[in-house]
Each structure stands twice: as structure tokens, then as C-alpha cells.
Amino acid sequence: MSKPVIGVTLFRREKNKSNSKYGTISCNYVKAVVEAGGLPLLVPIVNQPQDIKHYMGLIDGLLLSGGQDVSPEFYNERPIEELGEIDPDRDNWELKLFQEAYRQKLPVLGICRGMQLINVGLGGSLYQDIYSQLNNSLQHTSKKEETCAYHKILIEAGSQLEEILCCLDSLFVNSYHHQAIKEIASNLKIVARSDEGVIEAVEAEDSDQRFLVGVQWHPEDLAGVDDNSLNHNCFQQLFKALITAAENGS
Ligand code: MN
């Protein structure tokens with residue numbers, strides 16, 4: 001059987017001081033998809049809405065990668081001073097990709113910004129900066145390595161995520177985000193939170209009919225880490241679940 005093709009979205013940044021922009025992606029996303037049995041296909045930011053359906057015809061699943069803050073214009077807020085770097089062209093393109101994937105019930109996994117984008121794409125909103133907008137939020141931006149298990153998350157019993165993550169009720173994850181979901185979209189449910197309540201994972205309200213999972217942490221950076229304290233196999237299971245759903249067509 002041929003491998004399911006997983007579209008992986010790209011981060012766009014200027015290189016050094018040149019005016020040229022580069023589409024980049026951490027190789028850990030690519031590696032995680034490959035090791036889970038998928039065929040990664042990198043999807044550039046092209047802003048050609050008429051080509052969205054063509055792109056969808058090429059892929060069996062969509063992986064929305066991490067990156068800059070989602071521009072608050074997409075959830076009808078004015079930017080606050082603490083907002084980080086934004087790329088509205090990327091937001092616009094990825095929102096269209098996601099919304100078409102959602103319409104077609106294509107399997108989608110969103111990571112960090114990807115989870116936030118899913119929430120915005122379905123009508124939810126974000127904290128533009130958790131440190132200035134959320135009381136008692138522990139430090140979610142780690143100064144440590146990406147492979148560091150930094151804070152605990154509590155996983156919702158009976159969720160699809162619980163099943164994927166080796167049936168654990170809690171797990172230590174890495175954390176380097178300063179934004180988080182504020183109002184959850186109506187078609188999503190919260191399936192993991194940090195100790196003090198920050199939303200760390202979501203899945204589709206109708207998760208029996210589609211694969212749609214978003215996580216605030218970075219499983220791709222933990223999947224290959226050989227550390228017994230990390231349950232690294234569980235992180236790889238997230239990618240495996242995406243590939244399995246892509247093979248099954250939903
Ligand atoms: Mn966190």
C-alpha cells in the first residue's frame with residue numbers, strides 16, 4: 001500500500017539582513033512523519049486560494065506547524081503591545097488550507113501555532129500574550145532545550161488524545177509559547193490543560209467522525225528523544241495516529 005501523503009506547512013522568515021524570504025521547517029516534523037509511515041510534502045505559502053482544492057487533492061492529511069503568532073485581526077481583536085511577530089499572509093493561507101481540510105474531513109494535526117490556528121479557523125480566540133493577560137500562568141516559555149519536559153499536563157479521561165497518548169492521565173511536555181487559546185471554538189473540545197488551566201490540547205467535538213487534534217507543546221521535538229523520563233513513544237503516537245487516520249481517509 002502506498003504511504004499516505006501529509007502536507008506540512010512552512011514557517012516563513014527573512015534570512016539575516018537580506019530581503020529574501022525563506023520557507024523553512026524544523027526537520028523534526030519531517031522525521032516524525034517519516035518514522036510514523038507517512039510521506040511528508042512541504043506546502044509553501046502561495047496565497048492562491050483557487051489552488052486550495054488542488055493542494056487538498058495531493059494530500060491525505062495536514063500537519064499545521066508551529067511559528068509566529070496568529071494575527072489578532074483573524075479573531076477580531078486589536079493587537080496589544082505584547083503581541084509577537086506575525087505573518088498575516090501565512091495566517092490567511094493556512095486558515096484557508098485548514099478550513100478546506102476541515103470541510104473535507106481530512107485528518108489534521110496542529111502543533112503549537114497550528115493548534116491556535118485551528119481554534120481561530122473554527123471561530124475561537126487567543127490570548128495574545130499569556131503573561132500580561134492571564135493571572136497565575138506559570139512560565140510556559142522555557143529557556144531550556146526543546147527536548148526538556150518542562151511542565152505537566154492533565155489529559156481528559158475518555159478523550160481521543162488519552163487513547164493516543166498511551167492512556168496516560170498526565171504527562172510532562174515541553175513548552176515554549178506565549179500565546180494560548182482563550183475562547184474555545186464551538187466545534188472543539190478541550191482535552192488537556194496545564195496545572196493552572198492553560199489549554200494544552202484540543203480535539204474535534206465530533207472526534208468519532210474525524211481526526212482533528214491540536215497540541216500546544218512540540219511532540220516532534222520529543223518523539224526522538226531517548227530519555228526514560230519522557231515517554232517519548234507516546235509523542236510519536238500522535239504522528240502515528242495522524243498517519244493511521246490519513247490511511248483510513250478520515
Ligand atoms: Mn505550555
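Computed from a prediction, not measured in an experiment: that's the story for all the values here. Just follow the structure's listing: the first ligand is 1, and inside any ligand the first atom is 1.
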Exercise for review: Measure from the Mn ion (ligand 1) to every N/O/S atom of E200 and report the name of the nearest one.
Suggested key: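 Of all N, O or S atoms belonging to E200, OE2 is the one nearest the Mn ion (ligand 1).
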Review point. Which N, O or S atom name in H151 marks its closest approach to the Mn ion (ligand 1)?
Key: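 Of all N, O or S atoms belonging to H151, NE2 is the one nearest the Mn ion (ligand 1).
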Practice item. Determine yes or no for a side-chain-to-main-chain donor-acceptor pair under 3.5 angstrom, with K240 supplying the side chain and A36 the backbone. Key: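 Indeed, once roles are kept as given, a pair shorter than 3.5 Å links the two residues.
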Review point. E94 side chain to G114 main-chain N or O, any donor-acceptor pair under 3.5 Å?
Key: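 No; zero donor-acceptor contacts below 3.5 Å.
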Exercise for review: Indicate whether the side chain of E220 and that of H218 have a donor and an acceptor atom separated by less than 3.5 Å.
Suggested key: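 Checked: E220/H218 side chains pair up, N/O donor to acceptor below 3.5 Å.
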Practice item. Check the pair V43, W93 against side-chain contact (heavy atoms from CB on, under 4.5 Å), reporting the backbone distance first and the verdict last. Key: CA-CA 10 Å; V43 182; W93 174 244; 4.1 Å; yes
Check your understanding: Taking 2.8 Å as the cut-off, does an N/O/S atom of S175 lie below it from the Mn ion (ligand 1)?
Key ->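 Of the N, O and S atoms in S175, at least one lies under 2.8 Å from the Mn ion (ligand 1), which means yes.
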